[in-house]
Every structure is written in C-alpha cells, then in structure tokens.
Amino acid sequence: MSMTNAAIAADIYPFHKGFRVSPGLMVLNNNRVTANAVAAGGTSFTFDNTTYYSANANAATGATPMTVNGSLGLNTTKPAFTLTTGWGNTLPRNGGHWSFPFEIGAAFIGAPSVNVTLAGWACQDQAQTECGNMQDTTNATAQQVQTSLAAQITKWKSDLNPLQTYPILSFGVAYSFPLRGGSPAH
C-alpha cells in the first residue's frame, strides 16, 4: 500500500480576512493498494456470477493452484486539480503567536484503476475435470475465466467510480516565534 501525496496550492483571500479559497495541483499521487493471494486447491471463487475452482497441484498435468495479483489505484489523473476552502493562516496576522488553520475540499483524481492478473490453473467444476492454465490463451477454460474476470473488473470499476473525488480535510496548530524580540510577521 502506498498513500504518498504532494500538492501545491495558492491561497486566495477574497475578503482580506481569514476565509480563503485555494486552487491547486496534486503533483504527486501514489495512492495505490496492492494484494497478492494464493487460492488453495479446491477453493471456489466467483467472477461475474460464475463460480470457478482453484486447481489442486498435480505433477502429472503440471496444474498448480491459482495465484491472484491485484491493484487498486486512486491516481489516474496526474497532476490532479485540487480545490479547498478554509479559515486561518499559519502566520498569524493579528499580532498573536498561535493560529489554528482549517481547510476542507477535494482532489479530482480521475476514475480509479483496477488491475487483476491470474496465474496457475482454474477449473470449471469442483471435480476438476475441466481445468486450464491461465497463461494458455488457447485453453477454453482459461478463456472463460479471463472473460469472466474482465466483466468483473468492469463491475468493480463502476462500483468504485464515486472515488474520482478524493476528500481533503486539514486542521493545524501553528506557533509563530518572535524574531529578535519583535512581534510575528504582519
């Protein structure tokens, strides 16, 4: 999992007070979740409402249980536009030392990406009489599983579509040290 972000924004104070609007860009967005799994032989799994089974290891046929590698990326638009609004400034303008800035908004990151790859063997039946190696593009079982997986990925992408907007919420506490006995910057 990676949740690394970096953004830049310009604070605009339309009323020359603490309220601000801040358009910006998320220039680094590595928000990604990855997962790897091995499905034990005989384990069932379902893609697009069709149930399949992970093959048992079989030295005679070369069958091996299914392995699945998947990733979910929340970073398709690079750089991503951000828009926030808030109150306060990290440099107090009222002569005090403390400030408590607050900000709320969103980053518009684009549609999430979903990637899943399969390796090993899958079977269409629990008795494991109709099985195929997922790497064999000519095998009918492998073709059926890959077709079901593609349809399932399309459904997952549709379900995740609301995640195109990434929420931003920030609250801070800042203290401005006086320089050479003077007051904070004005």
Side-chain angles (χ1 to χ4, degrees), residues 1-9 22-84 103-170:
M1 178 185 326
S2 174
M3 299 299 271
T4 308
N5 296 309
I8 57 173
S22 304
L25 290 176
M26 186 176 288
V27 293
L28 173 67
N29 179 357
N30 289 331
N31 291 341
R32 176 175 286 286
V33 177
T34 58
N36 304 309
V38 175
T43 302
S44 66
F45 58 95
T46 303
F47 291 141
D48 194 35
N49 298 319
T50 304
T51 301
Y52 301 99
Y53 300 87
S54 179
N56 291 315
N58 184 329
T61 63
T64 57
M66 289 286 301
T67 59
V68 181
N69 298 306
S71 68
L72 168 63
L74 298 175
N75 56 0
T76 54
T77 301
K78 294 181 182 178
F81 177 71
T82 63
L83 182 62
T84 60
E103 197 158 24
I104 189 167
F108 303 94
I109 58 171
S113 63
V114 177
N115 296 304
V116 178
T117 58
L118 305 175
W121 288 55
C123 303
Q124 295 184 42
D125 60 333
Q126 196 168 12
Q128 299 193 6
T129 59
E130 297 178 55
C131 301
N133 181 345
M134 292 300 98
Q135 305 306 308
D136 182 355
T137 58
T138 62
N139 180 279
T141 297
Q143 290 173 348
Q144 183 177 346
V145 172
Q146 295 290 0
T147 299
S148 293
L149 174 60
Q152 185 66 56
I153 289 172
T154 299
K155 286 181 182 179
W156 287 334
K157 285 181 177 180
S158 176
D159 292 344
L160 294 168
N161 207 34
L163 297 179
Q164 292 186 52
T165 304
Y166 184 92
I168 297 173
L169 179 63
S170 173

Q.
So, taking the atom named CG in N5 and the one named CG in N30, what distance separates them when rounded to the nearest 0.5 Å?
A. 8.0 Å
Q: Kindly give the heavy-atom pair with the smallest separation between V38 and T67, and that separation in Å.
A: CG2-CG2, 3.7 Å
Q.
Restricting to non-hydrogen atoms, name the atom on G42 and the atom on Y53 that form the minimum distance, rounded to 0.1 Å.
A. O-CD2, 3.8 Å
Q. Do side-chain atoms of S54 reach the backbone of P65 as a donor and acceptor pair under 3.5 angstrom?
A. no
Q.
Applying the side chain to side chain contact (heavy atoms under 4.5 Å, CB included) criterion to S71, which one of T34, V114, V116 satisfies it?
A. T34
Q) Does T82 have any side chain to side chain contact (heavy atoms under 4.5 Å, CB included) partners at least two apart in sequence or in another chain, and if so, which? A) M26, A107, I168
Q) From M66 CE over to C131 SG, what is the distance, rounded to the nearest 0.5 angstrom? A) 11.0 Å
Q: Look at the side chain of N29 and the backbone N and O of L74, then say whether any donor-acceptor pair between them is shorter than 3.5 Å.
A: yes
Q: Measure the spacing between CG of L25 and CD1 of I8 and express it to the nearest 0.5 Å.
A: 5.5 Å
Q. What side-chain hydrogen bond (donor to acceptor under 3.5 Å, both in side chains) pairs are there with at least one residue in residues 105-125, not counting sequence neighbours?
A. Q124-T141, Q124-Q144, D125-T129
Q. Taking atom CG of N75 and atom CG of L28, what is their separation to the nearest 0.5 Å?
A. 9.5 Å
Q: Say whether, by atom type as modelled, one donor and one acceptor occur between the side chain of Q135 and the main chain of L118 under 3.5 angstrom.
A: yes
Q) When rounded to the nearest 0.5 angstrom, what is the spacing between CD in Q143 and CE in M134? A) 10.0 Å
(Q) Quick check: closest heavy atoms across T77 and G110, and the distance to 0.1 Å? (A) OG1-CA, 3.3 Å
Q) For T154, does its backbone N or O pair with a side-chain atom of S158 as donor and acceptor, under 3.5 Å? A) no
(Q) With no hydrogens and no angle check, just 3.5 Å: does a side-chain donor-acceptor pair link T46 and T51? (A) yes
Q. Are the side chain of S148 and the backbone of N49 linked by a donor-acceptor contact shorter than 3.5 Å?
A. no
Q. Is a side-chain N or O of Q164 found less than 3.5 angstrom from the main chain of P112, in a donor-acceptor match?
A. no
Q) Roughly how far, to the nearest 0.5 Å, is the OG atom of S22 from the CG atom of L83? A) 8.0 Å
Q) Does atom CE of M1 have more than 12 heavy-atom neighbours, drawn from other residues, nucleotides or ligands, at distances under 6.0 Å? A) no
Q.
Within the structure provided, determine whether N139 and N133 are in side-chain contact (heavy-atom separation under 4.5 Å).
A. no
Q | ring pair (Phe, Tyr, Trp, His ring centres under 6.0 Å) involving F47 - partner list, sequence neighbours excluded | A | F45
Q) Counting N and O atoms only, with roles assigned by atom type, does the side chain of Q128 sit under 3.5 Å from a partner on the main chain of N56, one being a donor and the other an acceptor? A) yes
Q.
Can you give me the closest heavy-atom contact between N161 and A111, atom names plus distance?
A. OD1-CB, 4.1 Å
